[in-house]
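Predicted model, so just to flag it, every value in this text is computed and none were measured.
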Amino acid sequence: MTLAVPIRIDGETVRGEKFILSTTTTVLSEFGCLIDMEQEVTVDQTIVLMNEHTRQSAQARVVSTRRHRNGHKYVSVEFISPCENFWRLTFVKPGARSLKKVYGSQST
């Protein structure tokens with residue numbers, strides 16, 4: 001889901017320097033998110049995400065890093081442990097039927 005949620009990231013650069021970054025998500029899911037960030041991180045590195053709306057924190061693992069054509073660096077992360085409702089959103093399960101189709105097809 002494409003959604004900008006304000007988050008804080010606590011981690012270390014590849015040189016071992018601690019950083020705290022305030023940014024927003026670009027894409028998110030129940031399993032993690034995609035972040036636009038310039039700090040140098042490595043795949044499998046652990047960082048801590050904090051949802052700025054709820055102040056809830058969760059550990060996440062860096063899955064990939066990519067530099068886009070626009071010059072921005074994007075980092076994909078996944079939660080290390082399941083984080084029930086970290087985003088305070090309900091995600092549709094694969095194969096779920098639309099309520100519009102279920103209830104919209106009934107005649108009154």
Side-chain angles (χ1 to χ4, degrees):
M1 169 183 306
T2 302
L3 189 62
V5 174
I7 59 172
R8 187 180 90 178
I9 303 169
D10 292 83
E12 289 187 7
T13 65
V14 292
R15 293 182 196 94
E17 301 162 351
K18 293 185 185 287
F19 69 84
I20 297 174
L21 170 68
S22 290
T23 188
T24 57
T25 60
T26 303
V27 176
L28 52 86
S29 79
E30 62 186 302
F31 307 108
C33 62
L34 179 67
I35 308 160
D36 181 356
M37 66 182 274
E38 288 302 314
Q39 270 67 25
E40 291 296 322
V41 291
T42 59
V43 172
D44 289 328
Q45 180 177 339
T46 299
I47 60 175
V48 177
L49 304 180
M50 184 180 75
N51 183 328
E52 293 280 9
H53 287 306
T54 64
R55 311 306 276 178
Q56 181 180 353
S57 294
Q59 286 190 331
R61 182 179 72 87
V62 175
V63 177
S64 69
T65 63
R66 290 210 170 142
R67 176 113 11 223
H68 195 267
R69 283 178 273 163
N70 64 10
H72 291 250
K73 181 177 171 193
Y74 293 95
V75 176
S76 298
V77 299
E78 67 180 0
F79 296 123
I80 291 174
S81 299
C83 289
E84 295 288 324
N85 212 15
F86 183 80
W87 304 116
R88 300 298 194 260
L89 296 169
T90 301
F91 292 91
V92 176
K93 301 292 181 206
R97 292 178 39 180
S98 168
L99 289 177
K100 181 189 270 186
K101 290 180 183 175
V102 172
Y103 294 107
S105 63
Q106 296 176 352
S107 57
T108 54

Quiz item: Pairs in or reaching into residues 14-27: which pass salt bridge (Lys or Arg N to Asp or Glu O under 4.0 Å), with residues at least two apart or in two chains?
Solution: E12-K18
Practice problem: Identify the heavy atoms of V43 and S64 that sit nearest to each other, and give their distance. | Solution: CG2-CA, 4.1 Å
Quiz item: Does the pair K73 and E40 meet the rule for a side-chain contact (heavy atoms from CB on, under 4.5 Å), with working shown?
Solution: CA-CA 9 Å; K73 181 177 171 193; E40 291 296 322; 3.4 Å; yes
Quiz prompt | Counterpart residues, side chain to side chain contact (heavy atoms under 4.5 Å, CB included), relative to Y74 (two or more places apart) | solution = T26, L34, D36, H68, N70, H72
Quiz item: In Å and rounded to the nearest 0.5 Å, what is the CZ to CG distance from R8 to L49?
Solution: 10.5 Å
Practice problem: Would you kindly confirm whether F19 and V77 end up in one hydrophobic cluster when ILVMFWY residues are joined by side chain heavy atoms under 4.5 Å apart? | Solution: yes
Quiz item: When the ring centroid of F31 is compared with that of F79, is the distance short of 6.0 Å?
Solution: no
Quiz prompt | R55: partners by side chain to side chain contact (heavy atoms under 4.5 Å, CB included), with sequence neighbours left out | solution = M50, E52
Quiz prompt | Set of residues satisfying side chain to side chain donor-acceptor pair (under 3.5 Å) with respect to T65, sequence neighbours excluded | solution = none
Self-check item: side chain to side chain donor-acceptor pair (under 3.5 Å) against R88, all qualifying residues, sequence neighbours excluded
Solution: Q56
Quiz item: Can you list the residues that meet the side chain to side chain donor-acceptor pair (under 3.5 Å) rule with S29, with sequence neighbours excluded?
Solution: none
Exercise. Name all residues meeting the salt bridge (Lys or Arg N to Asp or Glu O under 4.0 Å) criterion together with R61; count only those two or more places apart in sequence or in a different chain, and write none if there are none.
Key: D44, E78
Self-check item: Side-chain heavy atoms of V5 within contact of L28, under 4.5 Å
Solution: yes
Practice problem: Answer yes or no: is there a donor N or O on one side and an acceptor on the other, between the side chain of N51 and the main chain of F86, under 3.5 Å? | Solution: yes
Quiz item: Would V63 end up clustered with V75 when hydrophobic side chains under 4.5 Å apart are linked, directly or stepwise?
Solution: no
Practice problem: List for me each residue that meets side chain to side chain contact (heavy atoms under 4.5 Å, CB included) alongside T23, sequence neighbours excluded, and say none if there are none. | Solution: I7, I9, L21, I35
Quiz prompt | Contacts of type salt bridge (Lys or Arg N to Asp or Glu O under 4.0 Å), residue R67, not counting sequence neighbours | solution = E38
Exercise. Could you tell me which residues satisfy side chain to side chain contact (heavy atoms under 4.5 Å, CB included) with Q59, sequence neighbours excluded, listed by chain and number?
Key: T46, V48, I80
Quiz item: OG of S76 to CZ of R66: how many Å apart, nearest 0.5 Å?
Solution: 7.5 Å
